Amino acid sequence: YKVHSEKVALPGRDAQTFAEVIRNKQYRRVYVMLGVNEIGYNRSTTLKRFSELLEEIRQNQPDATIVICANLRVGAARSARDKSVNNPNIDQYNQTIAAYADGNRIKYLDVNPLFDDGQGNLGAEYTSDGTHVLAKYYRTWAQWIADQPV
């Protein structure tokens, strides 16, 4: 919900908004992973905003492939106790955003199998809070993304 108002620091540059970043350089691929923080918000509003964001990327990056990344599931305990941020809701949201992919200019990647505990949850060994992947696994995650044929 704050993608257009927040500024991000980039190496060697002043902090910029998403709109500035997406307009000022052409990319071959643009990876989008948004939504887990919004799982508890109104679903139709969140999906409308997601769709608008994809369109903004497409307008500013007409030659880029957009890669929609699934939101990571949470650990079993978090999923069981949270009315909003739980794995059935995350899976439903991921299924909906996956439908935006056309398999050509917009692709979909689901990293969940990489971190899955075999029962559809974020594996306990990958997290300390049941929600976020530990930083020591970012390289594994990045390598997995780099190895995907998009």
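No hydrogens, no waters, no symmetry mates; every other heavy atom, side chains included, goes into these values. Note that the structure is a prediction, hence the values are computed from the model and not measured. The first residue of the sequence shown is numbered 1, and numbering continues consecutively from there.
Taken from NZ in Lys2 to NZ in Lys7, the straight-line distance is 15.5 Å, to the nearest 0.5 Å. Interatomic distance, OG of Ser84 versus CG of Asp82, reported as 5.5 Å (0.5 Å rounding). Rounded to the nearest 0.5 angstrom, Asn94 CG and Asp110 CG are separated by 6.0 Å. Atom CD in Glu55 sits 9.5 Å away from atom CG in Asn60 (nearest 0.5 Å). Rounding to the nearest 0.5 angstrom, the gap separating the CG atom in Asn104 from the OG1 atom in Thr65 is 7.5 Å.
Partners of Trp141 under the ring pair (Phe, Tyr, Trp, His ring centres under 6.0 Å) rule, at least two apart in sequence or in another chain, are Phe115. When the ring pair (Phe, Tyr, Trp, His ring centres under 6.0 Å) test is applied to Tyr27, no partner is found at least two apart in sequence or on another chain. Listed by chain and number, the residues in a side chain to side chain donor-acceptor pair (under 3.5 Å) with Gln95 amount to none (sequence neighbours excluded). Ala80 meets the side chain to side chain contact (heavy atoms under 4.5 Å, CB included) test with no other residue; sequence neighbours excluded.
The closest donor-acceptor contact from the side chain of Arg105 to the backbone of Asp63 lies under 3.5 Å. Between the Arg49 side chain and the Glu52 main chain, no donor and acceptor come within less than 3.5 Å of each other. Under the 3.5 Å distance criterion, the side-chain polar atoms of Arg73 are left unmatched by any main-chain donor or acceptor of Asn112. In this structure a side-chain-to-backbone donor-acceptor pair under 3.5 Å is missing from Ser79 to Gly75. Looking at Arg23, its side chain never comes within 3.5 Å of a backbone N or O of Phe18 through a donor-acceptor pair. A donor-acceptor contact shorter than 3.5 Å is absent between the side chain of Asn89 and the backbone of Val85. With hydrogens and angles disregarded, no donor-acceptor distance shorter than 3.5 Å links the side chain of Glu56 to the backbone of Ile22. Under the 3.5 Å distance criterion, the side-chain polar atoms of Thr45 are left unmatched by any main-chain donor or acceptor of Tyr41.
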Decide side-chain contact (heavy atoms from CB on, under 4.5 Å) for Ile66 and Lys107; before the verdict, give the C-alpha distance in whole Å, the side-chain angles of both, and the deciding distance to 0.1 Å. CA-CA 6 Å; Ile66 299 171; Lys107 309 252 177 146; over 6 Å; no
His4 and Leu53: CA distance, side-chain angles, deciding distance, side-chain contact (heavy atoms from CB on, under 4.5 Å) verdict: CA-CA 9 Å; His4 290 98; Leu53 182 67; 4.3 Å; yes
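The shortest side-chain heavy-atom distance between Leu54 and Ile68 falls under the 4.5 Å cut-off. Two residues are said to be in side-chain contact when any heavy atoms from C-beta on lie closer than 4.5 Å; Arg43 and Gln92 meet this criterion.
Hydrophobic clustering of Ile, Leu, Val, Met, Phe, Trp and Tyr side chains at less than 4.5 Å, counting indirect connections, unites Val67 with Tyr138. Residues Ile57 and Val3 are members of one and the same hydrophobic cluster, defined by side-chain heavy-atom contacts under 4.5 angstrom among Ile, Leu, Val, Met, Phe, Trp and Tyr. By the criterion of side-chain heavy atoms lying less than 4.5 angstrom apart, applied directly or through intervening Ile, Leu, Val, Met, Phe, Trp or Tyr residues, Val74 is not grouped with Met33; the two fall into different hydrophobic clusters. Under a hydrophobic-cluster definition in which Ile, Leu, Val, Met, Phe, Trp and Tyr are linked whenever side-chain heavy atoms come within less than 4.5 Å, directly or via other members, Leu109 and Tyr137 are assigned to the same cluster. Follow the hydrophobic side-chain contacts under 4.5 Å out from Leu114 and you never reach Tyr108; the two are in separate clusters.
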Please tabulate, one pair per line, all N/O donor-acceptor pairs under 3.5 Å involving side-chain atoms of residues 143-150, not counting sequence neighbours.
unit_1 : atom_1 : unit_2 : atom_2 : d
Gln143 : NE2    : Asp147 : OD1    : 2.8
Gln148 : NE2    : Trp144 : O      : 2.9

Show the atom names and distances, to 0.1 Å, of all donor-acceptor pairs under 3.5 Å that link a side chain in residues 121-135 to residues at least two apart or in another chain.
unit_1 : atom_1 : unit_2 : atom_2 : d
Asn121 : OD1    : Asn87  : ND2    : 2.8
Asn121 : ND2    : Asp117 : OD2    : 3.1
Thr127 : OG1    : Asp129 : N      : 3.3
Thr127 : OG1    : Asp129 : OD1    : 3.1
Thr127 : OG1    : Gly130 : N      : 2.9
Thr127 : OG1    : Thr131 : N      : 3.4
Thr127 : OG1    : His132 : O      : 2.7
Asp129 : OD1    : Thr131 : N      : 2.8
Asp129 : OD1    : His132 : N      : 2.8
Asp129 : OD2    : His132 : ND1    : 2.7
Thr131 : OG1    : Arg78  : NH1    : 2.5

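Nearest approach of Asn71 to Ile90, heavy atoms of both residues: O-CG2, 3.7 Å. Nearest approach of Lys25 to Gln61, heavy atoms of both residues: O-NE2, 2.7 Å. The shortest heavy-atom contact between Gly118 and Asp116 is N-OD2, 2.5 Å. Of all the heavy atoms in Leu72 and Val111, the pair that sits closest is CD2-CG1, 3.3 Å. Between Ala64 and Arg58 the shortest heavy-atom distance is O-NH1, 3.1 Å.
Annotation for Tyr31: atom OH counts as buried by contact number, over 12 foreign heavy atoms lying within 6.0 Å.
Remark: aromatic rings of Tyr100 and Phe50 are close, center separation under 6.0 Å.
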